[in-house]
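Below is one structure; the comments refer to it alone.
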Amino acid sequence: MSHTTDILIIGSGAAGLTAALNLADQFKVTVLAKGRLNEGSTAWAQGGIAAVLEDGDTFDSHIDDTMVAGAGLNDRATVEFVVEGAPRAIARLVELGVPFNMDGNTLHLTREGGHSHRRIVHVNDATGWAVQEALQHAAEIHPNITLVPDRVAIDLATGKHEERYSGSGHVWGVYAVNRSTGRVELFTARATLLATGGAGRTYLYSTAPRGATGDGIAMAWRAGARVANMEFMQFHPTCLYNLDVKNFLITEAVRGEGGHLLLPESGYRFMPDFDPREELAPRDIVARAIDHEIKRLGLDYVHLDISHKGADFVRDHFPTIHDKLLGLGIDMTVDPIPVVPAQHYTCGGIVVDRDGRTDLPGLYAAGECSESGLHGANRLASNSLLECFVIGESVARHITAHWDDLPPPPAIRAWDESRVEDSDEEVVIKQNWTEIRRFMWNYVGIVRTTKRLERAQHRIRMLTEEVGDYYGHFRVTPDLIELRNLLQTADLIVRCALARKESRGLHYTLDYPDLLPQAVDTVLFP
């Protein structure tokens, strides 16, 4: 079965829906979601959106904070472009009905680590969910937007898939599995946007949703696009430590509003020993400090305590987290919260410019799957949703302005399943999935060594042969697609990490602890 539209967007989060809404007044837009429309990372975002709105704050200050957090690897022109677009993005979200917290007649601003001012616009501690609801509602009622859930993208359809073979590398759409039928469908368009999110599930412990398996990054790489800076995987310092509840994030705003990190037994506040900014240091510094204390003392977790701020303050500022923890027997108004670091954000990805253009004609990318130059070696808190809105809109402007340069898709071959059969060994997929996530956590985590990275690379090579053989013989399933992409993404992460002979931002290696004098991107060429 094949479907044709003007513009195809793969991903139904902030970046994808922002682009869709900015395109739909002139074009027919189809948006594919991997599962339900609201299952992506956007809905999970607790903290907020960074924007210069406070008296005394400036664009230059936000730009400088972003560059400092990114360890100088950021593209300054991109940082300026995104930061200066932030107030307009917030205004558009207000128009869409996002119920941001107010302080009288002005937006309430909180502060997070790495920021020199209060500039985080938020909806309590569930900003992403509110943003997702507003964008999704606007998309659902727009007559030119078709939302298609439960489609798992396999590979981009390019010139080599044309009925009359072409080596152009032009992207014409995507092949995707329909979860309901198990059959592969073809979606074609004049322009395709990857807004597929990050690759957090490459790691054993992650705050990312179940579907964050690096799909867009892996597909773009296989199609011939460059990928960069995949070694910079951000670990959020404070994920709830609970053996029954996985991947519940304790927002950075808890530290931004005065929370302290303490050793469990003694109650000693250890962050002043690591950085003068204490708990408000950038995430990479805080995560490494926690990791250091956990390993030094043989701990399972450390404590995050904000009980000294008063019960009413805590409940008013963090209602979602407060209620969740109460259900687990933790009252954060009087008790400390046990926390550990967990993989949180993919700072590298598909190389794009400020218009979201990739190396491949007809293909754009935005959001966490992309490498625009905004984040550098470490993402500044709450710049991620911001990037989705600003770059998502920029993609829409570029497509609109260059529509006549985008040819209609030619005839594309249907997916061929004539030489494969259904698998009777699903246990192979589960075993390999678990193995990848575990060795990535142990060998390619917060602190790295060359020996650990080489061990991970050796396992990746063995698994690549095994998974490739499996993929070639059996009918594709969502689990098999995700496994293939996880493995591809793991390989890109390790290759980038081995190539960087220094410690910069999120990449910290004991073999090269110093910072090189010049900041250079790690760019991989297919």
Side-chain angles (χ1 to χ4, degrees), residues 2-12 15-24 26-33 144-146 148 151-176 184-197 215-228 349-372 388 391-415 485 525-526:
S2 62
H3 315 266
T4 299
T5 185
D6 290 337
I7 297 148
L8 177 66
I9 297 175
I10 307 168
S12 58
L17 292 181
T18 296
L21 290 168
N22 280 275
L23 287 162
Q26 296 186 58
F27 309 108
K28 297 287 187 182
V29 182
T30 297
V31 179
L32 304 187
N144 280 346
I145 297 178
T146 302
V148 185
R151 299 301 192 277
V152 184
I154 308 169
D155 267 320
L156 295 169
T158 67
K160 69 179 182 181
H161 299 102
E162 295 175 21
E163 289 189 358
R164 297 185 65 180
Y165 177 90
S166 163
S168 66
H170 200 114
V171 173
W172 301 112
V174 72
Y175 296 99
V184 177
E185 301 175 4
L186 172 64
F187 293 84
T188 59
R190 288 169 69 160
T192 300
L193 168 63
L194 291 172
T196 52
D215 304 327
I217 298 170
M219 287 193 298
W221 172 258
R222 289 193 294 266
R226 286 174 301 158
V227 168
I350 308 158
V351 175
V352 298
D353 64 10
R354 290 189 293 279
D355 293 319
R357 289 185 297 173
T358 72
D359 299 324
L360 304 178
L363 181 66
Y364 297 76
E368 194 175 353
C369 69
S370 70
E371 161 50 42
S372 67
C388 292
I391 301 296
E393 183 176 340
S394 184
V395 168
R397 282 199 304 268
H398 189 272
I399 290 174
T400 302
H402 296 84
W403 183 249
D404 292 339
D405 300 328
L406 294 167
I412 304 294
R413 295 195 307 272
W415 187 259
N485 291 334
F525 293 81

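Note that these values count all heavy atoms, side chains included, but never hydrogens, waters or copies made by symmetry.
Atom OG1 of T4 and atom CG of L186 lie 7.0 Å apart (nearest 0.5 Å). In this structure, L8 CG and L32 CG are separated by 5.0 Å, a value rounded to the nearest 0.5 Å. Here the CG atom belonging to D215 is positioned 9.5 Å from the CD1 atom belonging to I10, to the nearest 0.5 angstrom.
With sequence neighbours excluded, the residues that form a side-chain hydrogen bond (donor to acceptor under 3.5 Å, both in side chains) with D353 are R357. Under the side-chain hydrogen bond (donor to acceptor under 3.5 Å, both in side chains) criterion, K160 pairs with no residue, sequence neighbours left out. R190 is linked by a salt bridge (charged side-chain N to carboxylate O under 4.0 Å, His left out) to nothing, counting only residues two or more places apart in sequence or in another chain. Scored by the side chain to side chain contact (heavy atoms under 4.5 Å, CB included) test, T400 finds L23, Q26, F27 as partners (sequence neighbours excluded). With sequence neighbours excluded, the residues that form a side-chain hydrogen bond (donor to acceptor under 3.5 Å, both in side chains) with T5 are T30. For N22, the side chain to side chain contact (heavy atoms under 4.5 Å, CB included) criterion is met by T18, E393, A396, not counting sequence neighbours.
Inter-residue side-chain proximity for W415 and I154 is flagged as met; some heavy-atom pair is nearer than 4.5 Å. I145 has its side chain within reach of L21: a pair of non-hydrogen atoms, C-beta onward, lies under 4.5 Å apart.
Residues V31 and A20 share a closest heavy-atom pair of CG2-CB, 4.0 Å. T358 approaches I350 most closely through the heavy-atom pair CG2-CG2, 3.8 Å. Taking both residues in full, the closest heavy atoms of A15 and L193 are given as O-CD2, 4.4 Å, listed atom of the first, atom of the second, then distance. L17 approaches S12 most closely through the heavy-atom pair CD1-O, 3.3 Å.
Judged as a side-chain hydrogen bond (donor to acceptor under 3.5 Å, both in side chains), the pairs with a partner in residues 216-227 (not counting sequence neighbours) are, in order, D155-R222, R222-N485, R226-D359.
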Check: Between T192 and F187, does a side chain to side chain contact (heavy atoms under 4.5 Å, CB included) hold up when you go through it step by step?
Finding: CA-CA 10 Å; T192 300; F187 293 84; over 6 Å; no
Residues 360-370 side chain polar contacts: donor-acceptor under 3.5 Å, at least two apart:
| from | atom 1 | to | atom 2 | distance (Å) |
| --- | --- | --- | --- | --- |
| Y364 | OH | H398 | ND1 | 2.9 |
| E368 | OE2 | T346 | N | 2.8 |
| S370 | OG | G367 | O | 2.7 |

Throw together a table of side-chain donor-acceptor distances under 3.5 angstrom for residues 166-175, partners on residues two or more places apart or in other chains.
| from | atom 1 | to | atom 2 | distance (Å) |
| --- | --- | --- | --- | --- |
| S166 | OG | S168 | N | 3.1 |
| S166 | OG | S168 | OG | 3.2 |
| S168 | OG | H170 | N | 3.1 |
| W172 | NE1 | E162 | OE2 | 2.9 |
| Y175 | OH | R413 | O | 2.7 |

